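Working notes, structure below.
Note that the structure is predicted; figures quoted are calculated from it, not measured. Chain naming here is simple, since letters A, B, ... match the order of the sequence lines and numbering starts at 1 in each.
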Amino acid sequence: MEVFGYQFMQNAILAAFLGGIACATIGVFVVLMHLPFIGVAMAHAAFAGALLGLWLGFDPLIGALVFSLAAAAVIGPLADRGELSPDTSLGVIFSLMLGLAFLFLGLMPGTKSSALTLLWGSILTNTRGDVLLLGVVAVVVLGLVMVFYKEIQATVFNRGIAQAVGLPATLILYGVLFLTGATVTASLRSIGGLLIFSLILNPAAAAYQLTYSMKKMFLLAATFGVLSGWTGLLVSYVFDLPSGATIVIVSSVIFMLAAAFSPKRRAKSLPAGGAGK
Amino acid sequence: MNGPAVELQDVVVSYRDNLALRGVTLKVESGEFVGVIGPNGAGKTTLLSVIDGLTRLARGRVIVLGHEVGRNDGRALRRRVGYVAQAQSIDRRMPMNVREVVMLGRYGILGLFHRPGSADWAIVDDVLELVGMAPLAGRPIGHLSGGEQQRVAIARCLAQKPDLFLLDEPTAALDWRAQRELLDLVRKVHDSSRLTTLFVTHDLSAVPATCDRIVLMKQGRIVDDGAPAALLTSETLSRLFDVPVAAVAGRRTPAD
């Protein structure tokens, strides 16, 4: 129990809490707006940008943010036009970002431990600065969701309808992409570029299995995100395992349990005419 | 509001190499119920999206509810226009119920930083009653049939308290019975409120019997415009759809 008195563990616990909430909240958008491949492409873009920063000697988080926003700027119009399926364009961006990431990794002189830390994360070495950044992003994400909840709810349900009733649906789409980039950037040091997207997707996907209320979905997703973080942290500490991977595996287990016990499983077997009669 | 509810003056719309509207001129008076009929690719959907301020004009002017479209952001206009699109498949697990979906219609009117109040929920419950969906108010939206979802879409539009009602192939993908019920509902809404209504369809059996006027479109142009009885003849429709007269006569259902 004395381990909880140490600064590094307190930072890790806070990072798991804040990161879990921010990632899960973003994850709700990703799941409901059917953006998983866009999110993956942005996560890899952030990773590539961070490695560029490490290679050239500037703050890797700035590189991460710039690259993920650039990816959003390219991908956003595709999403806007309804081309959300994992087609050639997304595949090219995805593979380009991954290729760039490993190119920068290869070109980097000296040891690559800092770079590899960004690949799979190191929540146990998070600094107060990392925690502060996660805190700011979590507050901004939650704040925007609460203030613009109805606009977000409408856009997430159907962008065409949101636009038809006079809401700024395109602005909200780009806002969601921007927040995804910011969340991915802030979480890079904790969870790592390769795994961050799973922490965004899994808690929200689990929540999606369990509720027909969007508000409850946000709350459940955040709960699962924090639970994944804390449980994964505890397990990784006790068994001396890589923390990022453990957190993500816990989030996957939570998803599998939610899917197995989902009350919505029956909904898939409803007749094509629906159950409205 | 003086003047027509909708006025298009020589409107041209192009999408890359394709001219979707080729010099369309049209006036719809306040309270009219206009049916727009034409084959696929006639420009019917583009017509509605132009009126709703969603499509840039290559040429011409569009004046809707007294305001010229395209001069500024179309969001203010769209808050006054109820738009029902074709029935779309909704994920059965979508976390929203019928009542919440209808409330979406009021979000544009409420504006930023304002949450729905009890008065807004009362409006939602009233329109659900009007469209006959009140018993399913708490049902997840993805659990409804196509016909029921379109009723909810109409309720959503009515919750906006619109000044103009646009329906784009709302009965497509519905079975015959759901189609009839929806057409009856649209007729009821129009008759009770005299809401200016434009109803677009390519399906002859889906033309509302109570249209005041029919506009025929083909290849981006209006080819005829007049009373339903005069225009909805087998010969006219045969020319419109490029099919033999006998085939058209077999597709048409008797008037209600």
Side-chain angles (χ1 to χ4, degrees), chain A residues 28 31-34 81-82 144 146-172 204-205 207-221 258-259 262-277, chain B residues 49 52-54 73-85 88-98 100-101 103-116 133 135-136 138-149 151-153 156-157 159-160 162 166 175 178:
Chain A
V28 171
V31 167
L32 294 180
M33 295 173 84
H34 305 291
R81 289 202 297 269
L144 289 175
M146 285 167 58
V147 169
F148 297 110
Y149 181 75
K150 67 180 195 297
E151 286 79 11
I152 288 169
Q153 184 192 41
T155 304
V156 154
F157 172 66
N158 185 301
R159 275 193 306 116
I161 289 175
Q163 201 169 29
V165 303
L167 296 175
T170 302
L171 203 63
I172 291 169
Y208 188 55
Q209 306 297 319
L210 299 176
T211 181
Y212 283 110
S213 159
M214 201 177 290
K215 275 187 183 144
K216 283 183 187 160
M217 185 174 169
F218 275 108
L219 287 171
L220 272 176
S262 168
K264 296 186 183 182
R265 284 179 74 196
R266 210 177 63 81
K268 285 192 225 167
S269 62
L270 284 168
K277 306 286 182 288
Chain B
S49 73
D52 209 20
L54 288 169
D73 179 22
R75 288 208 291 267
L77 170 66
R78 284 194 284 281
R79 286 173 197 142
R80 300 174 63 195
V81 177
Y83 192 109
V84 174
Q88 292 168 358
S89 157
I90 298 178
D91 190 333
R92 290 189 188 285
R93 292 165 294 177
M94 174 57 69
M96 285 182 73
N97 63 33
V98 166
E100 288 169 330
V101 170
M103 179 55 84
L104 297 183
R106 298 207 51 75
Y107 281 177
I109 302 165
L110 283 170
L112 293 176
F113 313 119
H114 291 102
R115 292 169 191 264
M133 291 297 294
L136 299 181
R139 187 76 60 99
I141 186 68
H143 288 197
L144 267 53
S145 67
E148 288 164 342
Q149 285 175 7
R151 284 175 172 270
V152 171
R156 172 183 43 80
C157 290
Q160 264 180 270
L166 305 178
D175 63 35

Taken to the nearest 0.5 Å, the spacing of B/Arg156 CZ from A/Ile161 CD1 works out to 4.0 Å

Should A/Ser213 and B/Asn97 count as side-chain neighbours, where that means a heavy-atom distance under 4.5 Å?
no

On a heavy-atom basis, the closest approach of B/Pro95 and A/Met217 is CG-SD, 3.8 Å

Hey, which of A/Lys216, A/Gln163, A/Lys215 has the most heavy atom pairs under 4.5 Å with chain B?
A/Gln163

Contact between A/Tyr212 and B/His143 at the side-chain level, heavy atoms closer than 4.5 Å - yes or no?
yes

Considering residues at least two apart in sequence or located in another chain, which fulfil the side chain to side chain contact (heavy atoms under 4.5 Å, CB included) criterion with A/Ala204?
A/Val28, A/Val31, A/Ala221

Flag the pair B/Tyr107 / A/Gln153 as yes when at least one side-chain heavy-atom distance between them is below 4.5 Å, and no otherwise.
yes

Report the residues that fulfil side chain to side chain contact (heavy atoms under 4.5 Å, CB included) with B/Leu112, sequence neighbours left out, ordered by chain and then residue number.
A/Phe148, A/Glu151

Tell me, for B/Gln149 versus chain A, whether the close heavy atoms (under 4.5 Å) come from the side chain, the backbone, both or neither.
neither

Between B/Arg78 (side chain only) and A/Val165 (backbone N and O only), is there a donor and an acceptor less than 3.5 Å apart?
no

Separation between OH of A/Tyr208 and CZ of B/Arg93, rounded to the nearest 0.5 Å:
5.0 Å

Quick one: what part of B/Leu166 sits under 4.5 Å from any heavy atom of chain A, side chain, backbone, both or neither?
neither

On a heavy-atom basis, the closest approach of A/Gly166 and B/Arg75 is O-CD, 3.4 Å

Kindly indicate whether the side chain of A/Met214, heavy atoms from C-beta on, has any atom under 4.5 Å from the side chain of B/Met96.
yes

Do A/Lys150 side-chain atoms and B/His114 backbone N/O form a donor-acceptor pair below 3.5 Å?
yes

Could you tell me the separation between the CG atom of A/Leu32 and the CG atom of B/Asp91, rounded to the nearest 0.5 Å?
8.5 Å

